[in-house]
Amino acid sequence: MSKSQSNKSNKKPRWKLLHQYYTYTGFYSFIGRSMMKAAIPIAAFVAVVLGIHFFVMDINDILVYVTENFHPLGVLAVFFASESILGLIPPEIFIAWAGKFEEYQWYLLSFLGVLSYLGGIISYFVGRGFASIPSVFVYLEVKMAKHIKNMRKWGGLLIIAGAVLPLPFAISSMAAGIIKFPFGSFLLFGLLRFLRFAIYGVAIFGAL
């Protein structure tokens, strides 16, 4: 066997090299820690919702009240603002709200997914805008140092994690903008945001 053939046979597949890279750079441990951190506020949120449901007022009655007294455009506007500014409100609340419109729940869910995706795009361009202002960029490099460093290391995979997992998609999007991650790739990876809404929709609509 020639030397070139031997090198080819010893060359590791690309997926193994990527797996090694993500292991060595701590991506898997980062996701594990982030999920553990996310589990605490999620558990607290669920506990509050259950407490309200069993001791104050039926959650379904609250959702019905919101659907009857607040215009859908207003609720959607609040959701869009939240998804564009650091994801301040858990999207599960709005998915549950959409579930009360039985005839239109899947249309509303799809529209929520679109708004969340567009919110991520806005966050991306906010990051790009901040990166073009030296003083703001220096400030964010300190305040978002960990997110920016991780985005430089893991790029698209971190965007995917933010889109699918209960992690702040808006922050991942902003970090992608700050480092000027290729916009076309960002749009492609961000499409997985719709997968999260589909999964949560099936789970929440089935529980209502």
Side-chain angles (χ1 to χ4, degrees), residues 31 34-35 37-54 56-126 156-177 183-208:
I31 291 297
S34 298
M35 292 295 290
K37 289 180 181 178
I40 296 174
I42 289 173
F45 171 74
V46 171
V48 170
V49 170
L50 290 176
I52 294 173
H53 179 73
F54 288 110
V56 181
M57 184 178 183
D58 191 294
I59 290 297
N60 282 303
D61 292 340
I62 296 175
L63 293 173
V64 169
Y65 176 83
V66 172
T67 59
E68 292 177 347
N69 293 274
F70 294 89
H71 197 283
L73 289 179
V75 178
L76 292 171
V78 171
F79 172 73
F80 182 56
S82 172
E83 291 294 280
S84 303
I85 309 172
L86 305 181
L88 299 176
I89 306 175
E92 294 78 15
I93 295 176
F94 297 93
I95 296 174
W97 165 79
K100 304 313 295 182
F101 295 85
E102 294 185 4
E103 295 183 9
Y104 309 104
Q105 59 185 12
W106 288 106
Y107 295 106
L108 274 174
L109 179 67
S110 300
F111 195 53
L112 288 174
V114 170
L115 290 178
S116 181
Y117 183 64
L118 292 176
I121 293 175
I122 289 177
S123 295
Y124 174 89
F125 280 108
V126 167
L157 206 58
L158 194 60
I159 296 171
I160 291 172
V164 178
L165 301 176
L167 303 174
F169 181 54
I171 292 180
S172 297
S173 301
M174 187 179 294
F183 183 57
S185 298
F186 169 79
L187 292 178
L188 180 62
F189 295 136
L191 286 173
L192 287 172
R193 189 67 172 165
F194 292 98
L195 177 62
R196 182 184 177 188
F197 275 78
I199 293 172
Y200 276 59
V202 171
I204 294 176
F205 291 171
L208 290 176

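- The side chain to side chain contact (heavy atoms under 4.5 Å, CB included) with Phe169 is formed by just one residue from the set Arg196, Arg193, Met174; it is Arg193.
- With rounding to the nearest 0.5 Å, the separation of CG in Leu191 from CD1 in Ile159 is 11.5 Å.
- In this structure, Phe101 places its CZ atom where more than 12 heavy-atom neighbours from other residues, nucleotides or ligands lie under 6.0 Å away.
- Listed for the Ser82 side chain is no donor-acceptor partner under 3.5 Å among the backbone atoms of Val78.
- Checked by atom type and distance alone, the side chain of Ser123 never pairs as donor or acceptor with a backbone atom of Ser173 at under 3.5 Å.
- Scanning for ring-ring contact (aromatic ring centres under 6.0 Å, His included) contacts around Phe183 gives Tyr124, Phe125, with sequence neighbours left out.
- Of the possible donor and acceptor atoms, none in the side chain of Ser116 sits under 3.5 Å from a partner among the backbone N and O of Leu112.
- A heavy-atom distance below 4.5 Å is found between the side chains of Tyr117 and Leu187.
- In this structure, Leu192 and Phe189 have side chains that are not in contact, with every pair of non-hydrogen atoms separated by 4.5 Å or more.
- Residue Leu76 holds its CG atom at 9.5 Å from NE2 of His71, rounded to the nearest 0.5 Å.
- Within the 4.5 Å cutoff, no side-chain heavy atoms of Phe79 are placed close to those of Ile93.
- Atom CG of Leu109 and atom CH2 of Trp97 lie 11.0 Å apart (nearest 0.5 Å).
- Closest heavy-atom contact between Leu118 and Phe80: CB-CE1, 3.9 Å.
- The two residues Ser172 and Gly162 make their nearest non-hydrogen contact at OG-CA, 4.0 Å.
- Interatomic distance, CZ of Phe197 versus CD of Glu92, reported as 8.0 Å (0.5 Å rounding).
- Side chains of Phe94 and Leu115 form no contact here, defined as non-hydrogen atoms less than 4.5 Å apart.
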